[in-house]
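Model, not experiment: these values are computed from the prediction. Here is the naming used below: chain letters follow the sequence lines, and residue numbers restart at 1 for every chain.
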Protein chains: 2
Amino acid sequence: MSNVESLPLSVSGGEAAAAPCCPPLTERPYSAEEAETAARMFKALGDPVRLRLFSLVASHAGGEACVCDISDVGVSQPTVSHHLKKLREAGLLTSERRGTWVYYRVAPSVLAGMGRLLGPR
Amino acid sequence: MSNVESLPLSVSGGEAAAAPCCPPLTERPYSAEEAETAARMFKALGDPVRLRLFSLVASHAGGEACVCDISDVGVSQPTVSHHLKKLREAGLLTSERRGTWVYYRVAPSVLAGMGRLLGPR
DNA sequence: TAGCCATTTCGATGTTCGTCTATGTTGACG
DNA sequence: CGTCAACATAGACGAACATCGAAATGGCTA
């Protein structure tokens, strides 16, 4: 049942998926709101365990991975689940349940959006 | 109160060097060490105030800005100084004192390094 | 139906983080 | 000298976080 919980990347209002979350960091000073939004992503990736989980999903064959495939990061399994939830809430990962297992994949346009953050090409 | 100044990233007692770290997140799963290193950068940018400060420096004319130019982010002056120190320790900014003022600039190769993190451009 | 397995959620605990006020240091200028 | 301005440091306090074990949820299979 884990649906879309909250996507800070896309602003509320139903549409707005096309709105880039943030301009390049070097283009102009960030406003407080832009900083709040972008910092949420960076913060989610600012934990070693979460970064490993994200990398495990992002580099997994087929673009997706089930929890059982990526649970070996040195912390307990409930902790893994907790971190995956954080990544989901930050809009970086999406999850889908198929039978017994839950599969995670990188949310589309996340990598492109973050790339744009770091400069115009 | 624990030790604050223990950064395995920075070898000797100054500021951390810009990390030459880390392959693309999507290329292969991160090791624990890579994750530790890269997460330090993300973590440093994971606070709205720090992200605004970084953006203010990165977008400032001449590539550098003195503290007096970027202190208006809604928190007290010691807090600004504290966050700038964090960014310095993460290897994202460098500082130089010239007369009364202290100038900050983005550490070279930081943006390129982070861009490489997000995919093979 | 019962049992089992993968995953999530819950409650508790120790630690880290962001912010403040107060004070210290450094350089410019009279 | 003495004083002022810019910036850094120190200590304290409350909020947020990471982590764990235990219990609950959802879905297979017999």
Side-chain angles (χ1 to χ4, degrees), chain A residues 1-6 8 32 35-36 39-54 56-57 64-90 93-105, chain B residues 1-8 13-15 32 35-36 39-54 56-57 64-90 93-105:
Chain A
M1 188 84 69
S2 55
N3 235 6
V4 201
E5 301 208 3
S6 66
E36 198 82 35
R40 206 164 322 193
M41 287 192 319
F42 285 119
K43 190 174 187 176
L45 293 178
D47 180 89
V49 173
R50 281 198 295 269
L51 193 56
R52 289 188 71 186
L53 290 172
F54 184 85
L56 277 161
V57 172
E64 65 179 13
C66 94
V67 180
C68 58
D69 286 329
I70 60 178
S71 296
D72 193 21
V73 287
V75 295
S76 76
Q77 198 271 337
T79 301
V80 168
S81 186
H82 167 255
H83 284 306
L84 286 173
K85 182 180 181 181
K86 286 280 187 98
L87 289 168
R88 225 169 47 216
E89 289 174 350
L93 294 182
T94 64
S95 66
E96 178 195 358
R97 171 156 220 153
R98 288 206 296 274
T100 305
W101 295 278
V102 176
Y103 290 83
Y104 280 80
R105 55 173 59 235
Chain B
M1 246 173 298
S2 60
N3 187 2
V4 197
E5 208 75 42
S6 63
L7 284 180
E15 270 73 42
E36 197 83 35
R40 208 176 312 261
M41 289 192 316
F42 284 119
K43 189 175 188 177
L45 294 177
D47 179 87
V49 173
R50 281 198 294 270
L51 195 56
R52 290 187 71 187
L53 289 172
F54 184 85
L56 278 160
V57 171
E64 65 180 10
C66 97
V67 180
C68 59
D69 286 330
I70 61 178
S71 295
D72 193 21
V73 286
V75 294
S76 71
Q77 178 266 327
T79 301
V80 168
S81 189
H82 165 76
H83 283 307
L84 287 173
K85 182 180 181 180
K86 286 279 188 94
L87 290 168
R88 226 168 47 215
E89 289 174 351
L93 295 182
T94 63
S95 66
E96 178 196 356
R97 173 157 214 153
R98 288 206 297 273
T100 305
W101 296 277
V102 176
Y103 290 86
Y104 280 80
R105 54 172 62 236

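As rounded to whole Å, 14 Å separates atom C1' of D:dA16 from atom CD of A:Glu89. Between B:Glu36 atom CD and D:dA18 atom P the separation is 13 Å, expressed in whole Å. C:dT16 atom P lies 13 Å from atom CG of A:Asp47, rounded to whole Å. The separation between B:Glu96 atom CD and C:dT26 atom C1' is 15 Å, rounded to whole Å. Distance CZ (A:Phe42) to C1' (C:dG18): 19 Å, rounded to an integer number of Å. Atom NE2 of A:His82 is separated from atom P of C:dG11 by 14 Å (rounded to the nearest Å). If you measure from atom CG of A:Leu51 to atom C1' of D:dA18, you get 16 Å, rounded to the nearest angstrom.
Residue-level contact check: A:Val75 touches the backbone only, with heavy atoms under 4.0 Å from sugar-phosphate atoms and none from bases.
An OP1 or OP2 oxygen of C:dG18 is reached within less than 4.0 angstrom by a side-chain nitrogen or oxygen of B:Arg50. Close to D:dA18, at under 4.0 Å from its OP1 or OP2, lies a side-chain N or O of A:Lys86. Here B:Ser76 reaches the OP1 or OP2 of C:dC20: one of its side-chain N or O atoms lies under 4.0 Å away. The phosphate of C:dA28 (OP1 or OP2) has no side-chain N or O of B:Thr100 nearer than 4.0 angstrom.
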| request: May I have the step-by-step check of side-chain contact (heavy atoms from CB on, under 4.5 Å) for A:Leu87 and A:Leu45, ending in yes or no? | output: CA-CA 8 Å; A:Leu87 289 168; A:Leu45 293 178; 4.2 Å; yes
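The side chain of B:Val49 approaches C:dT19 more closely than any other nucleotide in the set D:dA18, D:dT9, C:dT19. Closest to the B:Trp101 side chain, of the nucleotides D:dA6, C:dA6, D:dA16, is D:dA6. Out of D:dT9, D:dC17, D:dC7, the shortest distance to the side chain of B:Lys85 is found at D:dT9. In the set D:dC7, C:dT19, C:dC20, D:dC7 carries the atom at the smallest distance from any side-chain atom of B:Val67. Minimum atom distance to the side chain of B:Pro78 is reached by D:dT9, of the listed C:dT7, C:dT19, D:dT9. Nearest nucleotide to the side chain of A:Cys68, out of C:dT8, C:dT19, C:dT7: C:dT7. Between C:dT8, D:dA8, C:dG18, one nucleotide has an atom nearer to the side chain of B:Tyr104 than all others, and that is D:dA8.
Between the OG atom of A:Ser76 and the NE2 atom of A:His82 there is a distance of 10.5 Å, given to the nearest 0.5 Å. Note that the CG atom of A:Leu56 and the CZ atom of A:Arg50 stand 14.5 Å from one another [nearest 0.5 Å]. Annotation: the span from A:Ile70 atom CD1 to A:Leu84 atom CG amounts to 5.0 Å, rounded to 0.5 Å.
Between A:His83 and A:Arg98, the residue anchored closer to the 5' end of DNA chain D is A:His83, taking for each the nucleotide with the nearest heavy atom.
Between the side chain of B:Gln77 and the base of D:dA8 there is at least one donor-acceptor pair of N/O atoms closer than 3.5 Å.
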